[in-house]
Structure formats: C-alpha cells, structure tokens
**Student:** 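Before I ask anything, here is the structure I am working with.
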Amino acid sequence: MNGPWFHVDIDAFFASVEKLDHPELNGRPVVVGAHPGGRGVVSTCSYEARAFGIHSAMPIGEAWRRCPSAVFLPVRMERYLEISESLLAIFRELSPEVTRISIDEAFLDMAGMERLWGSPREAAGRLKAMVRDRSGLTVSVGVASNRYVAKIASGLEKPDGLVIVEKGLEALFMLGLPLSRLWGAGEKTQERFRDLGILSMDDLVAKSEAELQRLFGQAGGRFLHAACRGADLSIFEARPSSRSISTEITFERDLVDREALDAALLEMACSIFFRLRREGGRARTLALKLRLFDFSTSSKRQSRGEPYRTSLEVFEDAKTLFERSWDGRSPVRLAGLGFSDLDVDGAPGQAELFREDDRRQRFENALRDIEDRAATQLLPARLVGRAIRKPPRRPAGEPQ
DNA sequence: TCTGGGGTCCTAGGACCC
DNA sequence: TCTGGGGTCCTAGGACCC
Ligand SMILES: [Mg+2]
C-alpha cells in the first residue's frame with residue numbers, strides 16, 4: 001500500500017470500441033445500450049452523444065428523444081471483453097501488480113517502478129501512448145498514494161486525462177472537490193447531505209467520525225470520515241472470489257401468463273446453475289426477484305441444507321419462491337433469480353458429484369461443455385418456444 | 001423520460017445458542 | 001427468575017458502482 005497507484009479508466013469504453021470497429025462512426029454520436037423503442041437504458045455513449053445530454057443509465061427512449069440521429073448499437077460484451085484483456089496485457093508490461101476492478105478499469109501498483117519508467121508523469125505518458133498506439137483507444141489516469149484518491153483523480157479530466165496527486169496532499173486535494181465527486185456517496189447520500197446542511201467537503205471534514213456514524217450508520221460513517229480526507233479504507237482490496245451469481249430479465253411487455261413466467265424461471269434456473277458449475281462453486285441459497293408493473297420490487301430467498309445438485313432442483317425451488325411472491329394477477333415487469341451464498345472453497349467436488357448415482361446430474365455435467373460452446377437453452381419440450389426472448393435487433397451500425 | 005443487468009456491501013430484526 | 005450480551009444464521013431491503 002505504498003504507491004504510487006495508477007487508476008486507469010478507458011474513455012467511453014463500449015462506444016470507443018464500436019468506433020474502432022466501425023471507423024465511419026468517428027465524429028458521430030454513438031449510443032451503446034438497449035434497443036431504442038424497447039425497455040432499457042444507455043450503457044455507454046460517445047462524447048458527441050454526451051453533448052446532447054445523453055449519459056449512462058439514461059432510459060433509452062429519452063436518449064432517442066434527445067438525439068434521434070445518433071447511432072444506436074447493441075452491447076457486444078464478448079468483443080469488449082476481448083479488447084479489455086488486451087489492454088490489461090499492456091498494463092502488465094508496466095507493472096506486475098495489476099488489479100482489474102471492472103471491464104474498463106484497473107489499478108496498477110507502481111511502487112518501485114521509477115527506475116524502469118521514470119516519474120509517474122513519464123510512466124503515465126508512456127502508458128497512454130502504448131494504449132493509443134496499439135489499440136487506438138484513450139484512457140484517463142489518476143495517480144496518488146492510495147487507490148481511493150487515484151480513482152477519484154482519474155475521473156477529473158476525462159477524456160484522455162492525467163491527474164497526479166502528490167503524496168501528502170490528499171486531504172487538500174479532496175477539499176477542492178464538490179461532494180458529488182465522492183465515490184461511494186450516491187444519489188441518496190447526496191440528498192441527505194443537503195438535508196443535513198452538509199454542502200461542501202469542508203462541512204463533511206468538520207464532522208467527527210462518531211457523528212457521521214450516528215447519521216450514516218457504522219460502516220457508512222467510517223467510510224465517509226476517511227473518504228472526505230483522502231484516506232483509503234482499502235475498499236478496492238482484491239476480493240477472493242465471487243459471492244453471488246444471478247440473472248434477471250425485464251420483459252418487453254409485462255407478463256401475467258403463468259406458463260410464460262415459468263418458462264422464464266426455467267431459463268434463468270438453467271443459466272445460473274450452469275454458471276455455478278462452470279465456476280466450480282456450490283450454493284444453498286436461492287433468491288427470486290420480482291418487479292411489478294408499477295416498478296415495485298421485492299425479493300424472496302430460501303436456504304436449504306445441501307447445495308443444489310441439478311438445475312431442476314433450482315427450477316422447482318424457483319417456482320415455490322415465485323408462488324409465495326406473486327399474487328397471480330399483477331403484471332410482472334421483471335423476474336430475476338440468483339444464488340446468494342457461493343461457497344467456492346469446498347467447491348469443485350467433482351469426485352463426489354460423479355460418485356453419486358444421479359443420472360440427471362451426469363447428464364448436466366456433460367452438457368456443461370455444450371452450453372459453453374453453443375449457449376443453448378435447455379428447456380423441457382412443454383416450454384420450448386415459450387421462453388422469453390428479446391426481439392431480434394436491427395443490424396449494427398444502422399442509424400435509427 | 002420511464003426507469004438494464006451484473007455485481008458488492010451494509011443494516012436490521014428474529015431465531016437460536018452460549 | 002430476570003436481564004444482558006455476543007455470535008451466527010437467516011431473511012428483506014437498500015445504497016452504490018460500472
Ligand atoms: Mg470508463
């Protein structure tokens with residue numbers, strides 16, 4: 001934890017990749033996200049689109065209204081992952097200690113790298129040049145003595161930014177920022193700040209940790225007390241393994257038909273179970289999420305004594321949870337299903353699994369590979385064709 | 001304008017045990 | 001008999017991030 005730490009953030013990542021793959025889009029507003037006219041939001045958009053007030057998480061319909069001439073494209077996650085990997089490889093040329101924290105962000109521990117790459121400014125310049133020359137993308141870099149401050153710094157001069165915070169100046173750096181730059185304090189917390197008359201970083205710094213804990217809870221208060229003075233509570237510490245697996249789908253139209261809902265449950269049960277298997281994990285807790293026509297959202301979960309062994313077991317419990325959750329009448333906007341208590345340690349357990357005389361089990365283990373290759377959905381005949389698929393998309397690159 | 005999908009972590013209350 | 005406290009597990013909901 002000595003630093004300096006680099007936080008590297010790829011600029012307008014998904015939209016930039018689309019421009020790389022479709023150079024004719026250069027200079028045009030590009031919106032990557034849901035199908036315009038359907039239900040969903042903007043995932044990422046180019047800076048030209050941002051000039052129209054479009055931003056991530058905006059309902060796609062509003063983005064459309066703001067700029068009908070923008071190019072609307074679907075998310076091509078596999079492609080972005082591929083590019084993301086190649087950038088990570090570049091980062092690893094600069095430092096052996098690279099931690100990816102999302103598809104377009106990573107921390108580089110640059111401690112002791114001065115001899116190799118010169119000052120942080122020189123190293124960052126080199127990093128940006130390598131990325132630009134080899135991928136055509138630009139990144140924004142934040143440099144600081146801890147990860148929290150580096151993360152905030154990288155966001156200040158996007159795109160193609162570089163902000164360096166000298167060691168010892170972290171608190172001063174934070175004091176110069178509006179509260180909205182406080183990573184980890186989102187909409188609700190900003191609202192509470194206003195209600196409490198906390199209008200600037202100075203106001204927050206003036207509060208004692210005990211006071212902040214009284215106002216924002218034990219963990220929240222501790223976090224805010226540290227964050228506003230540029231101290232790092234190791235919130236970006238590498239996590240050992242994933243703790244949940246889930247999937248959810250917002251239907252193009254609200255559903256009331258039980259068979260169609262069952263088909264969705266089955267599809268989701270298969271999906272999360274296969275992902276669980278692929279990751280070599282075990283789970284004993286299943287959670288169902290429902291969002292109704294009025295956007296009211298609820299969840300129900302249920303634990304059992306032994307880990308799930310087949311997707312059929314998952315499906316059966318999913319139906320039980322669903323019956324306990326749904327009134328049978330209210331149109332359902334979204335259904336989701338997930339495992340919330342992954343146990344990866346005692347995980348693979350393949351020997352044990354194969355010892356059991358469970359034909360369905362073996363069948364599914366075998367199908368795991370097929371699923372990997374073909375992403376085939378496995379459905380009982382009764383439900384085949386009933387699964388809820390989003391309508392086919394328009395060809396990529398077509399302006400709407 | 002009409003609100004995605006994938007996650008992480010925290011809180012709080014009740015059950016149960018020591 | 002009553003009270004307190006702590007730990008763990010479970011469940012529901014919420015805030016937040018990309
Ligand atoms: Mg980014």
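Here is the naming used below: chain letters follow the sequence lines, and residue numbers restart at 1 for every chain.
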**Student:** Is any side-chain N of the basic residue among A:Glu122 and A:Arg126 closer than 4.0 Å to the acidic one's carboxylate O?
**Tutor:** no

**Student:** Which residues in residues 41-51 of chain A have at least one heavy atom lying under 4.0 Å from any atom of DNA chain B?
**Tutor:** A:Val41

**Student:** State plainly whether the residues A:Glu323 and A:Lys319 are in salt-bridge range, i.e. N to O under 4.0 Å.
**Tutor:** no

**Student:** Starting at atom NZ of A:Lys289, determine the distance to atom C1' of B:dT3, rounded to an integer number of angstrom.
**Tutor:** 12 Å

**Student:** Take the protein atom CZ of A:Arg253 and the nucleotide atom P of B:dT3, then report the distance between them rounded to whole Å.
**Tutor:** 13 Å

**Student:** Quick test of your reading of the model: are A:Glu252 and A:Arg39 salt-bridged, counting only N-O distances below 4.0 Å?
**Tutor:** no

**Student:** Select base, sugar-phosphate, or nothing to describe what A:Arg66 touches, counting heavy atoms under 4.0 Å on all strands.
**Tutor:** nothing

**Student:** Taking the nucleotide of DNA chain B with the nearest heavy atom to each, does A:Ser244 or A:Gly217 sit closer to the 5' end?
**Tutor:** A:Ser244

**Student:** Using the side-chain contact (heavy atoms from CB on, under 4.5 Å) definition, which of the options A:Ile101, A:Val141, A:Asp104 pairs with A:Asp9?
**Tutor:** A:Asp104

**Student:** Any salt bridge linking A:Lys188 with A:Glu191? Criterion: basic side-chain nitrogen under 4.0 Å from a carboxylate oxygen.
**Tutor:** no

**Student:** Within 45° of the ring axis of A:Phe295 and under 6.0 Å from its six-membered ring centre, is that where the NZ or CZ of A:Arg291 lies?
**Tutor:** yes

**Student:** Is the NZ or CZ atom of A:Arg192 both under 6.0 Å from the centre of the six-membered ring of A:Phe216 and within 45° of that ring's axis?
**Tutor:** yes

**Student:** Any base atoms under 4.0 Å from A:Arg100, or only sugar-phosphate, or nothing? Heavy atoms, all strands.
**Tutor:** nothing

**Student:** Tabulate atom names and distances for all N/O pairs under 3.5 angstrom spanning the protein and nucleotides 14-18 of chain C.
**Tutor:**
from   : atom 1 : to       : atom 2 : distance (Å)
C:dC16 : OP1    : A:Gly186 : N      : 2.9
C:dC16 : OP1    : A:Gly186 : O      : 3.3
C:dC16 : OP1    : A:Thr189 : N      : 2.9
C:dC16 : OP1    : A:Thr189 : OG1    : 2.3
C:dC16 : OP2    : A:Glu187 : N      : 3.3
C:dC16 : OP2    : A:Lys188 : N      : 2.8
C:dC16 : O5'    : A:Gly186 : N      : 3.4
C:dC17 : OP1    : A:Gly184 : N      : 2.6
C:dC17 : O3'    : A:Trp183 : NE1    : 2.9
C:dC18 : OP1    : A:Lys151 : NZ     : 2.6
C:dC18 : OP1    : A:Trp183 : NE1    : 3.2
C:dC18 : O3'    : A:Ser102 : OG     : 2.9
C:dC18 : O3'    : A:Asp104 : OD1    : 2.9
C:dC18 : O3'    : A:Glu105 : OE2    : 3.4

**Student:** In residues 321-333 of chain A, which residues come under 4.0 Å of DNA chain B by heavy atom?
**Tutor:** A:Arg333

**Student:** Do the numbers put A:Arg147 on top of the ring of A:Trp5, so that NZ or CZ is under 6.0 Å from the six-membered ring centre and no more than 45° off the axis?
**Tutor:** yes

**Student:** Between A:Asp21 and A:Arg76, is there a salt bridge with N-O shorter than 4.0 Å?
**Tutor:** yes

**Student:** Could you check how far CZ of A:Phe72 sits from C1' of B:dT1, rounded to whole Å?
**Tutor:** 13 Å

**Student:** Closer to the 5' end of DNA chain B via nearest nucleotide, is it A:Thr247 or A:Arg65?
**Tutor:** A:Arg65

**Student:** Any salt bridge linking A:Lys19 with A:Glu48? Criterion: basic side-chain nitrogen under 4.0 Å from a carboxylate oxygen.
**Tutor:** yes

**Student:** Rounded to the Å, how far apart are A:Phe52 CZ and B:dT1 C1'?
**Tutor:** 17 Å

**Student:** I'd like to know if A:Glu313 pairs up with A:Arg304 as an ion pair, taking the criterion as any Lys NZ or Arg NE/NH1/NH2 lying under 4.0 Å from an Asp or Glu carboxylate oxygen.
**Tutor:** yes

**Student:** Side chains of A:Arg301 and A:Leu321: does their closest heavy-atom pair fall under 4.5 Å?
**Tutor:** no

**Student:** Taking the basic N atoms (NZ, or NE/NH1/NH2) and the acidic carboxylate oxygens, is any pair closer than 4.0 Å for A:Lys151 and A:Glu105?
**Tutor:** yes

**Student:** With the criterion being N/O to N/O and under 3.5 Å, what pairs connect the protein with nucleotides 5-10 of chain C, and how long is each?
**Tutor:**
from   : atom 1 : to       : atom 2 : distance (Å)
C:dC10 : OP1    : A:Arg284 : NH2    : 2.9

**Student:** Starting from P on B:dA12, measure out to CD on A:Gln213 and report it in whole angstrom.
**Tutor:** 12 Å

**Student:** From CD of A:Gln218 over to P of B:dA12, roughly how many Å is that when rounded to an integer?
**Tutor:** 9 Å

**Student:** Would you mind checking if A:Asp262 and A:Arg258 are paired as a salt bridge, meaning a charged N to carboxylate O distance below 4.0 Å?
**Tutor:** yes

**Student:** Given side chains that start at C-beta, do those of A:Ser208 and A:Gln213 come closer than 4.5 Å, heavy atoms only?
**Tutor:** no

**Student:** Between A:Ser242 and A:Leu342, is any pair of side-chain heavy atoms under 4.5 Å apart?
**Tutor:** yes

**Student:** Take N1-N3 plus N6-O4 or O6-N4 for Watson-Crick, N1-O2 plus O6-N3 for G-U, both under 3.5 Å. Which runs of 3 or more such pairs involve DNA chain C?
**Tutor:** B:5-18 with C:5-18

**Student:** Please work out whether the ring planes of A:Tyr148 and A:Trp183 are parallel, tilted or perpendicular, with thresholds of 30° and 60°.
**Tutor:** perpendicular

**Student:** Please tell me whether A:Phe107 and A:Phe6 form a close aromatic pair, meaning their ring centres lie under 6.0 Å apart.
**Tutor:** no

**Student:** Is the distance from the ring center of A:Phe251 to that of A:Phe293 below 6.0 Å?
**Tutor:** no

**Student:** Over how many whole Å does the gap from A:Glu252 atom CD to B:dC2 atom C1' extend?
**Tutor:** 14 Å

**Student:** If the C1' atom of C:dC16 is compared with that of B:dG4, how far apart are they to the nearest Å?
**Tutor:** 15 Å

**Student:** Mind listing the residues from residues 192-207 of chain A sitting with a heavy atom below 4.0 Å of DNA chain C? Number order is fine.
**Tutor:** none

